[in-house]
Amino acid sequence: VAPEVIESPSTYFQLAVTLIPAWLLLFAFSSLYDPQAKLGGIRETSRGFTACTVATMLVVVATFLVPTFVVSRLWLISVWLLSFLAVSVNRFVQRRVLYILRRRGYLLRPALIVGTNEEARSLAGFLSDSQSSGVRTVGFVATRAHQSSMSMPEPILGRTAEVASLVAEHQVEDVIVAITALPREE
């Protein structure tokens, strides 16, 4: 390689600063900033890997489209690997902190479960692991079709006609419906 082709370190710093917005946009398009899309380990890591790879491939494409734009392959591979490792480790640590906070009762979304049948109990059991679900079940809403005589893990707060007022009163963010507990007309 001729000496005039070798880029200075400041060129790579400028390139890195220029690429940061592209990385952020790709992360946004990959739903990595969507709080509802916290998919957990493998799926979230896969999306991060894809976003880092696409961002790196954009640089490779730019080197083909602009022949005077020369980038060291070592730098390119290093940026790709380090960005993926940094994103993965950061997400892993964030998830652990989130689990600790949820275990202590923070960052949980209050939810109502509509229904008092076995499916509703099953949903409550599934959501009882608030560390991974992020949901705190406030209570149940009884339907006309299923008057429950079985004990529920949380209180029965009212009837389906009262859902709107129950949501406001208990500051509920999620309403989860046990489909088999609700007749079509209700």
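Side chains are part of it too, since the values below use all heavy atoms of this structure and drop only hydrogens, waters and symmetry mates.
Not counting sequence neighbours, the partners of Ser10 by the side chain to side chain donor-acceptor pair (under 3.5 Å) test are Ser8. Phe49 meets the ring pair (Phe, Tyr, Trp, His ring centres under 6.0 Å) test with Trp80, Phe84; sequence neighbours excluded.
Between atom CD1 of residue Ile113 and atom CD1 of residue Ile156 there is a gap of 11.5 Å, rounded to the nearest 0.5 Å. Here the OG atom belonging to Ser122 is positioned 9.5 Å from the CG atom belonging to Asn117, to the nearest 0.5 angstrom. With rounding to the nearest 0.5 angstrom, the CG atom of Leu123 is 9.0 Å from the CD1 atom of Ile179. Distance check: Cys52 SG to Trp23 CH2 gives 6.5 Å after rounding to the nearest 0.5 Å. Between atom CD of residue Glu119 and atom CD1 of residue Ile176 there is a gap of 11.0 Å, rounded to the nearest 0.5 Å. Rounding to the nearest 0.5 angstrom, the gap separating the CG atom in Leu25 from the OH atom in Tyr33 is 9.0 Å.
Scanning all heavy atoms of the two residues, the minimum distance from Ala142 to Thr116 falls at CA-CG2, 3.9 Å. Heavy-atom minimum distance, Ala111 versus Val135: CB-CG1, 3.4 Å. Shortest non-hydrogen contact noted between Val175 and Val172 is CG2-CG1, 4.2 Å. When all heavy atoms of Ser128 and Gly125 are compared, the pair lying nearest together is OG-O, 2.6 Å. For the pair Leu32 and Arg47, the tightest heavy-atom approach, listed with the atom from each and the gap, is CD2-CB, 3.9 Å. Of all the heavy atoms in Val87 and Gly48, the pair that sits closest is CG1-CA, 4.5 Å.
Here the side chains of Leu76 and Tyr12 are not in contact, with every heavy-atom distance at 4.5 Å or above. Counting heavy atoms from C-beta on, the side chains of Leu15 and Phe69 come closer than 4.5 Å. Side-chain contact between Thr180 and Glu118 is absent, with no heavy-atom pair separated by less than 4.5 Å.
Annotation for Arg96: atom CZ counts as buried by contact number, over 12 foreign heavy atoms lying within 6.0 Å. When the shell of 6.0 Å around CZ of Phe64 is examined, it contains 12 or fewer heavy atoms from other residues, nucleotides or ligands.
Residue Leu26 is not grouped with residue Val61 when hydrophobic side chains (ILVMFWY) are merged at heavy-atom distances under 4.5 angstrom, including chains of intermediate members. No continuous path of ILVMFWY side-chain contacts below 4.5 Å connects Trp75 to Leu81, so the two sit in separate hydrophobic clusters. By the criterion of side-chain heavy atoms lying less than 4.5 angstrom apart, applied directly or through intervening Ile, Leu, Val, Met, Phe, Trp or Tyr residues, Ile20 is grouped together with Val71 in one hydrophobic cluster. Tracing side-chain contacts under 4.5 Å through hydrophobic residues (I, L, V, M, F, W, Y), one reaches Phe126 starting from Phe140; they form part of the same cluster. Leu157 and Leu108 are members of different hydrophobic clusters when ILVMFWY side chains are connected at heavy-atom separations under 4.5 Å.
Side chain of Thr50 to main chain of Ser46: a donor-acceptor pair is present (N/O by atom type, distance under 3.5 Å, no hydrogens or angles). Checked by atom type and distance alone, the side chain of Gln14 never pairs as donor or acceptor with a backbone atom of Thr11 at under 3.5 Å.
In this structure, a donor-acceptor pair under 3.5 Å is absent between the side chains of Glu154 and Thr137.
Pairs of residues two or more places apart, or lying in two chains, that qualify as salt bridge (charged side-chain N to carboxylate O under 4.0 Å, His left out) and include a residue from residues 172-183 are Arg109-Asp174.
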